[in-house]
Amino acid sequence: MTVMLSTRGLSKSFVLHLRDGLRMNVLDGVDLAVAAGECVVLSGPSGAGKSTLMRSLYGNYRADSGAIWVRHDGAMVDIAAADPRSILAVRHKTLGYVSQFLRVVPRVPALDVVAEVLLTRGVGPDAARERARSLLMTLNIPARLHAIPPATFSGGEQQRVNLARGFIAEHPILLLDEPTASLDADNRAVVIEMVRAAKTRGTAIVAICHDADVRDAIADRLFAMSPYQDAA
Amino acid sequence: MNDPTLLSGRGLGLRFGGITALAEVDVDLWPGEILAIVGESGSGKTTLLNVLSGRIVPDSGVVWYRDPAGQLHDVHVMPAPALRTLHRSDWGFVHQDPRQNLRMSVSAGGNVGERLMAQGARHYGDIRSAALDWLAQVEIDADRIDDLPRTFSGGMLQRLQIARTLVTHPRLVFMDEPTGGLDVSVQARLLDLIRSLVTRLGIAVVLVTHDIAVARLLAHRIAVMQRGRIVETGLTDQVLDDPRHPYTQLLVSSVLSA
Amino acid sequence: MKGYNFAYLDEQTKRMIRRGLLKAVAIPGHQVPFGSREMPLPYGWGTGGIQVTASILGASDVLKVIDQGADDTTNAVSIRRFFARTAGVATTTATAEATVIQTRHRIPEKQLREDQIIVYQVPQPEPLFRLEPSRIETKRMHGLADYGLMHVKLYEDIARFGQISISYDYPVMVNERYLMSPSPIPAFDNPKMDMMPALQLFGAGREKRIYAIPPWTRVRSLDFDDHPFRPINAAHPCGLCGATDAYLDEIVTDNHGGRLFVCSDTDHCAERRAAGHAGLQEAAE
C-alpha cells in the first residue's frame, strides 16, 4: 500500500523563554508511517505528545529535527523543511486537519464556514453550498442553523461544523484531533461512518481518540506514545 | 516554491537620528497572500510599511516590485510619476484614519469614482454604477452615494476608504491598522469584509497591526518586529501557536481573550 | 509721451516677458511665472494683460481693447487710451482691422486670423484653485498630469445638479496635456479656442503667471462621454441685430422687468446692423 505520510527521527521541544528558558522535550525521534486507506490512532497517556505530534505533522508546530514526508502531487514533500508557501500548498490540496475546537470567525454563517473550503478549490458557489448543506444535515445540524454564525452554537454543534469543514474537501491525508469528543452516541456513529467512507476513498488518517468504542471502530492500528520517548 | 514574489525588501535599514527604525529587514510577499507585520509601538512596523510602499526612502537596502508584465522595478528609484501612477492603479493604501485618504467634501460616489476617473474613465453613468457596485460590496447603503463623508460613522468611513482603494482592482494593498480605533462590533464587520474581498479578488496585502487576533484572522504569514528587526516569521498559525523567539512568546502570551 | 519708453515698460522688462511668452508658447497651457511689474492701475484691472500687450506691441500694430465684449466700457477705453499715449499705436474697434486684441472675459464673435494675437486678462490662472488650496500640490498635479480632482468636481456637479454647472472659466485640456483656466470667458466661448488660427496669450498680473496657446492647438472642454460639453447661451436673438449665434448680454431696460438681449460683442453687432440686419428691439418679458 502507498505510504502517504511518514516521519523519520522527528523531534520537537519547547523553550519557554518566559520561564527563564525552561526546555520541555516532547517528541524524541518519532518514526511513524501511514498508508493510504489506513487509520492510525495515536495512543498513550496525557503528556505523551499526541497533540504535539499531530500539530507537527500539520506543520503547525515546527520540528527541531527529523523529517515529515507527505505524498503531495505524486512526490514526497518534507513538511519539516518546507518553506511556508509549500506548506500552505500541501495543506490546501493534500493534508487536512480537524482540530478539537472550531475557531470561530465572526459573522460567517455555518453554511459558509463549510462551503468556503470548496469555494477555494474552485467549486461554484451553488454547488459548494449544496454539498455543505448536505454534509451539515448528515451531521445533524438542522437547516435552521445553517444561516447562523456558529459562535452561539453549543460545543457539540460547533464541533460538528468543524468536522464538516474538515471532511468536505476530501483531502488524501486527514489528521483528526478528538473528532468525537463533544458528541452524543448518534453523532459519534455518523463520524465513524464518515471516517470509514474516507478510508474507502483511500484517505490516510491519523487520529487522536480517547473514546475506546470509537477508537476500536476506526483504528487499523495503534501508535503507542509515551512521554519523552519515541514509540516502539 | 519557485513562483516569483510580488514585492521584496532586502537589507532595509533606516535611522531617525539616533533611533534605529529598521535594521537588516528582509521581506517577501507573493501574489494573493496576506502578510501581517505585528509588533508593539516603536517596533518599526509602520516605518517598514512606508518604506515598502515607497513613501519613505530607506538608508540602505532595496525594495523590488514586479509589475503585471513581470518586470522588476526598484521602488525607490522609480520616477515620481511612475510611482504615483502605481499608487493610483495597481497598488492601494488603506490608512488607519480613513479621513487621510478620503475627500471629505466630495460625495461618497465621487470618492469611489475618483481613481477610475484618474485612470481615464469618461462615462458618468459607468462611473456611477461602479461606485454603486462598490458601495454595495462594502455594505454602504446605495442611497448614501451622494452624501458627504462628513455624515458617515467611523466604520462607514473605513469601508468607504476600502471601496475607494479597491475600485481599480489593485494587486497589492498596504493596510495600516485598518481596524484601529473602531468599536469591536464594527471591527468584526470590517475584518469579515476585508477577509472576503481580499480572498475573492486575490489581492496581496501587507497588513500592519498590533492586534494579534486580527493577524490570526486575516493573514497567511506573519512577521514579528521588535525594535526595527524582524525577530520571527512564518505561517500565522506556526508563529502564534509555536512561538520560538522570546519576544514572540511574550506577545502571544499577553493577548487577552474574551 | 515724454519720460516713458515705448508702450510704458522698459526694454529689459519686455525682454523678460517675451522670454516667458516663448516658454509659454513652447508648453501650451503650462503656467510660467514672471516678474510682474507695478503698473499704473491696481491689480484686478488687467495689469497682466497690459504687460503682455506692452511686450508684444510694435509701432505698426493696430490695437483693439474690449471688456466683456464691449469697446466702450470704462476699462476698455482707459486701456486703449493708455497704449495710444505710451506707444502711439493705431487703435480700432473693428475686430477685422486689429493685429493685437486685448480682452477681458470674452472672445470676439468674428473668427480670428493667423496674423492676429489675442491677449486675455486673467484674474486666477490656476484652474484647480477652488478645489485644492495648496500651490505645492497643484504644481505637482500639473507636473504629473494628475487631474482626477477636476473630474471629481464635474462628477459632483452632475450628481448634484444633473449637469455640469460651470458657466464661465470652464476648465479645458490644452494639447491633451495641461489643464488650463481659459480666464472668465463664458463657456459659450470655449469652442472658439479650439484650433484657433490666432496666437492666444494669457497674462495674470496679480498672480504673476503667463500662459499661452499656440495657433492651431487642440483645446478641449472637460466633460463626460454621456454628458458632453454644451455651450450655453440665452435663447433669444439679439434685440438690435437679430443674431442667433452670438453671446448675448441681458440688459434691464426699466423698472417693470423689461429686458433686452443684445450682442455682448459690440463690434459684431454694429457690423451686422451696418450690413442691414435688424432685431426686434423689443423688451422681452
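In what follows, every chain begins at residue 1, and chains take the letters A, B, ... in the order their sequences are listed. Quick caveat: nothing in here was measured; it's all calculated off a predicted structure.
Proximity to chain C (any heavy atom under 4.5 Å) is restricted, for B:Arg84, to the side chain, taken from C-beta onward. Residue C:Leu149 touches chain B through both its backbone and its side chain, counting heavy-atom pairs closer than 4.5 Å. Of the atoms belonging to C:Asp146, it is side-chain heavy atoms, and not backbone ones, that fall under 4.5 Å from chain B. Contacts between C:His151 and chain B at a heavy-atom distance below 4.5 Å involve backbone atoms as well as side-chain atoms. Neither the backbone nor the side chain of B:Arg115 comes within contact range of chain C, judged by heavy atoms closer than 4.5 Å.
Test B:Val75, B:Val63, B:Thr46, B:Val57 against B:Val51 for side chain to side chain contact (heavy atoms under 4.5 Å, CB included) and you get one pass: B:Val63.
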### Query
Between C:Ser36 and C:Gln51, is a side chain to side chain donor-acceptor pair (under 3.5 Å) present by the stated rule, with each step listed?
CA-CA 8 Å; C:Ser36 180; C:Gln51 288 178 81; 3.0 Å; yes

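Of the listed residues (B:Ala118, B:Ala80, B:Pro81, B:Gly110), the one with the most heavy-atom contacts under 4.5 Å to chain C is B:Gly110. Contact count against chain C (heavy-atom pairs under 4.5 Å) is highest for B:His123 among B:Arg88, B:His123, B:Arg128, B:Arg103. With respect to chain B, the highest number of heavy-atom pairs below 4.5 Å among C:Ile158, C:Leu222, C:Leu154 belongs to C:Ile158.
Annotation for C:Glu176: atom CD counts as buried by contact number, over 12 foreign heavy atoms lying within 6.0 Å. Heavy atoms of other residues, nucleotides or ligands lying less than 6.0 angstrom from CZ of C:Phe229 number more than 12.
Applying the ring-ring contact (aromatic ring centres under 6.0 Å, His included) test to residues at least two apart or on different chains, the pairs with a partner in residues 121-142 of chain C are C:His142-C:Tyr147. Sorted by first and then second residue, the salt bridge (charged side-chain N to carboxylate O under 4.0 Å, His left out) pairs involving residues 49-78 of chain B (not counting sequence neighbours) form an empty list. Evaluation of the salt bridge (charged side-chain N to carboxylate O under 4.0 Å, His left out) test over residues 189-200 of chain C, restricted to residues two or more places apart or in two chains, returns C:Arg106-C:Asp189, C:Glu109-C:Lys192, C:Asp189-C:Lys192, C:Asp194-C:Arg218.
Closest approach of C:Pro182 to C:Phe202, counting heavy atoms only: O-CE2, 3.6 Å.
Within the 4.5 Å cutoff, the side chain of C:Leu248 has heavy atoms near those of the C:Cys238 side chain. Within the 4.5 Å cutoff, the side chain of B:Met175 has heavy atoms near those of the B:Ile194 side chain.
Within residues 138-147 of chain B, the residues having any heavy atom closer than 4.5 Å to a heavy atom of chain C are B:Ile145, B:Asp146, listed by residue number.
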